[in-house]
Amino acid sequence: QVQLIESGGGSVQTGGSLTLSCAASYRTTNRPHMAWFRHTPGKEREFVAAISSGSYTMKYADSVKGRFTISRDYDKNLVLLQMSSLSPEDTAVYYCTADSDWMNLLRRPNYWGQGTQVTVSS
């Protein structure tokens, strides 16, 4: 079982920065791969960024490359999403996700947090 709790969402102006945190609970012997997705009403959920269990591999959506950075803090069991140069198009509910299978993680993660709202105003 994996439990995920996001925090760090909020409101920011265009061009601003925000860092999301995901506190993850899991068996250390079965460390999952982690990812962030986002959802805007009326649109499909969108993959944002992923990081492998050992942080050897990171993957980003084209729309966030160069602006977002995903990382892991193993001491605190956190997954971070540093977001910069934000625009109104980044407004969404951001979800932390996890899965033991990399391809599943990128498509249909098994575990989801409750989500945190990010609002970027122009």
Side-chain angles (χ1 to χ4, degrees):
Q1 281 291 342
V2 178
Q3 293 184 326
L4 307 168
I5 301 176
E6 303 96 334
S7 63
S11 297
V12 64
Q13 291 188 331
T14 296
S17 301
L18 211 57
T19 297
L20 304 182
S21 294
C22 174
S25 299
Y26 51 81
R27 293 182 180 179
T28 54
T29 55
N30 192 22
R31 183 185 295 150
H33 308 302
M34 306 285 294
W36 289 91
F37 281 71
R38 65 187 181 186
H39 181 242
T40 302
K43 297 183 180 180
E44 291 188 1
R45 278 180 179 169
E46 177 187 15
F47 166 78
V48 176
I51 186 167
S52 62
S53 59
S55 296
Y56 296 116
T57 303
M58 276 76 82
K59 182 177 176 64
Y60 296 93
D62 289 343
S63 58
V64 306
K65 276 182 184 175
R67 300 188 300 121
F68 290 14
T69 301
I70 190 171
S71 61
R72 301 180 75 141
D73 182 331
Y74 294 100
D75 290 337
K76 298 179 181 178
N77 268 5
L78 293 176
V79 177
L80 305 176
L81 185 68
Q82 297 172 279
M83 306 183 294
S84 62
S85 300
L86 287 164
S87 72
E89 288 69 34
D90 296 312
T91 295
V93 177
Y94 283 72
Y95 295 90
C96 179
T97 69
D99 203 296
S100 58
D101 183 271
W102 181 252
M103 295 310 297
N104 282 346
L105 178 75
L106 302 182
R107 298 169 184 169
R108 297 177 65 89
N110 198 20
Y111 299 99
W112 292 75
Q114 82 286 354
T116 185
Q117 176 71 47
V118 171
T119 302
V120 184
S121 59
S122 57

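Small disclaimer: the values here were computed from a predicted structure and weren't measured. Residue numbers count from 1 along this sequence.
The line from OH of Tyr94 to SG of Cys22 is 15.0 Å long, rounded to the nearest 0.5 Å. One distance of note links CZ of Arg31 with CG of Asn77; it measures 8.0 Å at 0.5 Å rounding. Interatomic distance, CE of Met83 versus OG1 of Thr19, reported as 7.0 Å (0.5 Å rounding). One finds the OG1 atom of Thr116 at 12.0 Å from the CD1 atom of Ile5 (value rounded to the nearest 0.5 Å).
Here the side chains of Leu4 and Tyr111 are in contact, with some heavy-atom distance below 4.5 Å. With a 4.5 Å cut-off on side-chain heavy atoms, Leu80 and Arg72 do not count as touching. Tyr26 has its side chain out of reach of Gln3: every pair of non-hydrogen atoms, C-beta onward, lies at least 4.5 Å apart. Within the 4.5 Å cutoff, the side chain of Val12 has no heavy atoms near those of the Thr119 side chain. Contact check for Glu89 versus Val120: no side-chain heavy atoms found under the 4.5 Å cut-off. Between Met103 and Leu105, every side-chain heavy-atom pair lies at or beyond the 4.5 Å cut-off. Contact check for Arg38 versus Asp90: side-chain heavy atoms found under the 4.5 Å cut-off.
Looking at Glu6, its side chain does come within 3.5 Å of a backbone N or O of Gly115 through a donor-acceptor pair. Formation of a donor-acceptor pair under 3.5 Å by the His33 side chain with backbone atoms of Ser53 is found in this model. Remark: the backbone N or O of Ser121 is paired with a side-chain donor or acceptor of Thr14 at under 3.5 angstrom. Under the 3.5 Å distance criterion, the side-chain polar atoms of Asp99 are matched with a main-chain donor or acceptor of Asn110. Side chain of Arg67 to backbone of Ser85: a donor-acceptor contact under 3.5 angstrom is found. Here the side chain of Gln82 pairs no donor or acceptor atom with the backbone of Ile70 at under 3.5 angstrom. In this structure, Ser52 contributes its side chain and Thr57 its backbone to a donor-acceptor pair below 3.5 Å. Checked by atom type and distance alone, the side chain of Thr97 pairs as donor or acceptor with a backbone atom of Ala35 at under 3.5 Å.
More than 12 heavy atoms of other residues, nucleotides or ligands sit less than 6.0 Å from atom CD of Gln114.
For Trp36 and Phe68, the gap between ring centers reaches or exceeds 6.0 Å.
Of the N and O atoms on the side chains of Tyr60 and Thr69, not one donor lies less than 3.5 Å from an acceptor on the other residue.
Within the cation-pi definition used here (under 6.0 Å to the ring centroid, within 45° of the axis), Arg45 qualifies as a partner of Tyr95.
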